[in-house]
Protein chains: 2
Amino acid sequence: MVRDKEATKSKLLDAALAEFAAHGIAGARVDRIAAKAGCNKAMIYAYFGSKEELFDEVLKIQISLVHEATPLTPDDLPGFAGRLYDTYARQPELLRLAGYHRLESGFEEISKAEAEAHALKVAAIEEAQRDGRVPADFGAEELLNLVVHMSILAFSTPIASRDLVVRSVEKLVS
Amino acid sequence: MVRDKEATKSKLLDAALAEFAAHGIAGARVDRIAAKAGCNKAMIYAYFGSKEELFDEVLKIQISLVHEATPLTPDDLPGFAGRLYDTYARQPELLRLAGYHRLESGFEEISKAEAEAHALKVAAIEEAQRDGRVPADFGAEELLNLVVHMSILAFSTPIASRDLVVRSVEKLVS
DNA sequence: TCTTGTCAACTAACCGGTTGGTTGCCAAGG
DNA sequence: CCTTGGCAACCAACCGGTTAGTTGACAAGA
């Protein structure tokens, strides 16, 4: 047997991602996560403290992955929406995780890091609006939320497509 | 004690609405529903069959309430979006219920009645597009989904407002 | 030997669902 | 009008199985 703390944590996080995405927080089973990771349930409590803390860790990782994979391009918001769509399509667990988080935990309990990243993006859009590169008939924060939620829309209804997302944002910033 | 089947079912449905909206399907507790309704747990199984069937019944009722309260006005989609927003604001449990349903049950398990109502609305928008009363740069079904999800957006982020919903739809159909 | 990652076994609480029996309602018979 | 018997509505207690979380012993590496 190999004893590798980091490898065990990583396998636990992978298994937890699948379990939480499939069943949510209340529906997830700690035993299933341990079994899927090929290790014992006690490791979860040793490394992460509790089921909820494990969930938070998993969600945090997924969110930072999305942020890394999809930098904001204020001058090309339709393209940004399209790339966000691609990221979500490649990483389908995140939207389920985030959905469960929003429903099961309080509406807004965003981490400091996320609030900061959000503020940075709003500032970038504001600047683009000042320079006239982006129309100013929506506020910068409004616009960011609009674009983000537009790209999510495609995963909330069966008929929506990447093309629809891009075209909608094009119209919104026209 | 009053013995009234319909009254008991109604109290059970009310209690279940609150419980499911608060905790989802997996997180809801049958005992809590019975306690809140002031009757015995066995009644749930006598009248509704199971926890899941009770959830389905509650969701069905809420959806039909929304449909009744908010008829589609194809010639005034921004107004429709605003009125949909108002309905959701007045009936905050539905969006939580629908969210849990989408996550916990399969993506696709819409009822026949709902699919029918959807098709009717799509047809109404198509007609308005043929008459030139609504721009045709989006398909009718795309447009309906866009408008519906726009009105939901306002409840997914803290900063969105009714005004933003209406303005966004205005821009989309301009 | 001593530290530390690992796990089987355990527990106490909980959960969805069932059951056997009780109670209020109402209508038919007297 | 008053019994009374049948039945629908109701409930306390229970059941088998499951759950998150704990712990004491062991084994691997230093």
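Just so we're on the same page: letters track the sequence lines, and every chain starts at 1. Please read these numbers as outputs of a predicted model, since none were measured by experiment.
Protein atom CD1 of Ile33(B) is 11 Å distant from nucleotide atom C1' of dG16(C), rounded to whole Å. If you measure from atom CZ of Arg3(B) to atom P of dA9(D), you get 9 Å, rounded to the nearest angstrom. Atom CE of Met43(B) and atom P of dT23(C) are 16 Å apart (whole Å). dG16(C) atom P lies 4 Å from atom NZ of Lys51(B), rounded to whole Å. Protein atom CD of Glu53(A) is 13 Å distant from nucleotide atom C1' of dA20(D), rounded to whole Å. Atom pair Glu52(B):CD and dG16(C):P shows a separation of 9 Å (rounding to whole Å applied).
Checking the phosphate oxygens (OP1, OP2) of dC10(D), a side-chain nitrogen or oxygen of Thr8(B) falls inside 4.0 Å. Residue Tyr45(A) has no polar side-chain atom (N or O) positioned under 4.0 Å from OP1 or OP2 of dT19(D).
Comparing dC25(C), dC7(C), dT6(C) against the side chain of Ala42(A) picks out dC7(C) as the nearest. Here the nucleotide nearest the side chain of Asp31(A), chosen from dA20(D), dC7(C), dG5(C), is dA20(D).
The OH atom of Tyr47(B) lies 6.0 Å from the NZ atom of Lys5(B); values are rounded to the nearest 0.5 Å.
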Worked check of side chain to side chain donor-acceptor pair (under 3.5 Å) between Glu141(A) and His118(A): CA-CA 9 Å; Glu141(A) 189 168 21; His118(A) 183 76; 3.0 Å; yes
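With the nearest nucleotide of DNA chain C identified for both Val30(B) and Lys41(A), Lys41(A) has the one nearer the 5' end. Residue order along DNA chain D, read from the 5' end via each residue's closest nucleotide, puts Arg32(A) first among Arg32(A) and Gly49(A).
Taking the charged nitrogens against the carboxylate oxygens, Asp131(A) and Arg133(A) do have a contact shorter than 4.0 Å, which makes a salt bridge. Ion pair Arg167(A)/Asp163(A) flagged as a salt bridge, since at least one NZ, NE, NH1 or NH2 atom sits closer than 4.0 Å to an Asp/Glu carboxylate oxygen.
In terms of polar N and O atoms assigned as donor or acceptor, the side chain of Arg29(A) never comes within less than 3.5 Å of the base of dT19(D) in a complementary pairing. The base of dA8(C) is paired with the side chain of Asn40(A) by a donor and an acceptor separated by under 3.5 Å.
In this structure, the side chain of Thr87(A) engages the main chain of Arg83(A) through a donor-acceptor pair within 3.5 Å.
Backbone-only contact: Ala28(A) has heavy atoms under 4.0 Å from sugar-phosphate atoms and none from a base.
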